[in-house]
Amino acid sequence: GVEFGSRNETLLREVSEKVVRELSKRGNGVQFLGPVDSYIPRLLKMSWVETLVKGKNAALIRNVLAPLIENPESFGIPRDIEIRIDVDPM
């Protein structure tokens, strides 16, 4: 899954929804469920949302997420948004 965190909840929701829309366009065979509030939505004064990423295999998911991992700025993600990738959340 992909988690997004920020102290600015409004910005967090806008950016996470935009990124998920962009990734969905690129993700042939990869499904994005979310973003939704994380299990613990606020931690250490930061808000968190997460998106579950489903695909047939890890390589396919990795290829779709590679641009986000390698160059988050290309998605217009401000530096105050933290991104975490959980390879096997289940």
Side-chain ion pair, Glu9 and Arg13, N-O less than 4.0 Å = yes
Given Glu3 and Glu82, is the side chain to side chain contact (heavy atoms under 4.5 Å, CB included) satisfied, shown in steps?
-> CA-CA 8 Å; Glu3 291 182 296; Glu82 189 173 323; over 6 Å; no
Going only through I, L, V, M, F, W and Y residues with side-chain contacts under 4.5 Å, is there a path from Phe75 to Ile61?
-> yes
Closest non-hydrogen contact found for Asp80 with Ser6 is O-OG, 3.5 Å
Quick one: CD1 on Ile77 to OG on Ser16, what's the gap to the nearest 0.5 Å?
-> 9.5 Å
Are Val49 and Tyr39 in one and the same hydrophobic cluster, where Ile, Leu, Val, Met, Phe, Trp and Tyr link if side-chain heavy atoms are under 4.5 Å apart?
-> no
Full working for side chain to side chain contact (heavy atoms under 4.5 Å, CB included) between Leu68 and Ile85 = CA-CA 10 Å; Leu68 177 63; Ile85 308 283; 4.3 Å; yes
Considering all heavy atoms of both residues, which atom of Pro78 and which atom of Gly76 are nearest to each other, and what is their separation?
-> CD-O, 3.3 Å
Euclidean distance, Trp48 CH2 relative to Arg42 CZ, rounded to 0.5 Å = 11.5 Å
Quick one: pull up CG in Asp37 and OG in Ser47 and give me the separation to the nearest 0.5 Å.
-> 8.0 Å
Mark yes or no for whether Ser38, through its side chain, and Ile40, through its backbone, hold a donor-acceptor pair below 3.5 Å.
-> no
ILVMFWY cluster, Ile69 and Val15 together (side-chain gap under 4.5 Å) | yes
Check Phe4 against Ile81 and note the closest heavy-atom contact, atom names and distance.
-> CD2-CG2, 4.3 Å
Say whether Val64 and Ile83 are linked into one hydrophobic cluster, either directly or through other cluster members, by side-chain heavy-atom distances under 4.5 angstrom.
-> yes
Would Asn8 and Leu12 count as a side chain to side chain contact (heavy atoms under 4.5 Å, CB included) if you check the C-alpha gap in whole Å, the side-chain angles of each, and the deciding distance to 0.1 Å?
-> CA-CA 6 Å; Asn8 182 334; Leu12 172 66; over 6 Å; no
Any pair counted as salt bridge (Lys or Arg N to Asp or Glu O under 4.0 Å), so long as it reaches residues 44-61, sequence neighbours left out | none
Output side-chain donor-acceptor pairs under 3.5 Å for residues 22-36, partner residues at least two apart or in another chain, one line each.
residue : atom : partner : partner atom : Å
Glu22   : OE2  : Lys25   : NZ           : 3.4
Ser24   : OG   : Val20   : O            : 2.8

